[in-house]
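Quick caveat: nothing in here was measured; it's all calculated off a predicted structure. Chain letters run A, B, ... following the sequence lines, proteins first and then strands; every chain starts at 1.
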Amino acid sequence: AQSVTQPDIHITVSEGASLELRCNYSYGATPYLFWYVQSPGQGLQLLLKYFSGDTLVQGIKGFEAEFKRSQSSFNLRKPSVHWSDAAEYFCVLTSGGSYIPTFGRGTSLIVHP
Amino acid sequence: NAGVTQTPKFRILKIGQSMTLQCTQDMNHNYMYWYRQDPGMGLKLIYYSVGAGITDKGEVPNGYNVSRSTTEDFPLRLELAAPSQTSVYFCASSPFGQGSSGELFFGEGSRLTVL
């Protein structure tokens with residue numbers, strides 16, 4: 001069975017500070033991995049995705065994520081956080097073997113001025 | 001290109017009433033999903049469909065029904081609404097299996113309150 005773990009329920013950072021949101025997965029083969037962002041009262045928007053090739057992927061809004069097979073991780077990073085980045089972030093896994101996406105429980109990002 | 005459209009955006013129901021949440025996508029995606037999101041609980045899959053005429057239960061299907069008569073539409077019906085169905089509902093579609101890795105495209109959500 002596949003699973004996604006986001007170990008941090010809440011993360012608080014100061015505006016301008018760097019950010020790393022953790023995501024660990026469990027899957028026997030190479031997964032397809034995604035990060036989505038949900039701003040308050042909004043739907044989910046795709047930030048970036050990995051399915052093959054370069055393990056460092058760039059996304060929208062200055063975000064990037066690195067796929068590390070040895071650590072079963074796909075952590076999301078941003079070098080300098082803006083107040084508008086305050087939102088809920090979801091790590092999601094799909095695979096060639098399942099068309100039911102597996103969601104992490106989400107990480108709530110709080111940005112202090 | 002409208003993407004995934006959900007209606008209504010807000011609705012208040014009385015206990016025991018029924019209603020249908022509409023979802024339409026114009027991207028010709030085979031896969032469609034209904035999720036509910038409760039505060040701090042992430043997204044839970046209610047029902048999904050892999051194509052017209054094919055639907056299946058997700059994690060929390062009780063109290064809901066779906067149909068998929070066309071590729072574009074995937075309505076979610078609530079029968080005998082209960083307070084436990086107060087939630088935000090999201091419809092999503094995906095081109096999974098159509099040469100895609102399975103990116104999800106979400107609607108803006110429907111906020112339902114049952115009193």
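Of the two parts of A/L46, only the side chain, counted from C-beta on, holds a non-hydrogen atom closer than 4.5 Å to a non-hydrogen atom of chain B. Heavy-atom distances place no part of B/F105 under 4.5 Å from chain A, backbone and side chain included. With a threshold of 4.5 angstrom between heavy atoms, B/Q6 does not approach chain A through any atom at all. If you measure heavy-atom distances from A/Q38 to chain B, the contacts under 4.5 Å come from the side chain alone. For B/V88, no part lies under 4.5 angstrom from a heavy atom of chain A.
Under 3.5 Å, the side chains of B/T7 and B/Q22 contain no donor-acceptor pair of N or O atoms. Side chain to side chain, B/Y64 and B/Y89 meet the donor-acceptor criterion of an N or O pair below 3.5 Å.
A/F34 does not carry A/K49 over the face of its six-membered ring by the limits of under 6.0 Å from the centre and within 45° of the normal.
Ion pairing between a basic and an acidic side chain is recognised when a charged N comes within 4.0 Å of a carboxylate O; A/R22 and A/E20 show no such pairing. With salt bridges taken as basic N to acidic carboxylate O contacts below 4.0 Å, none links A/E64 and A/K78.
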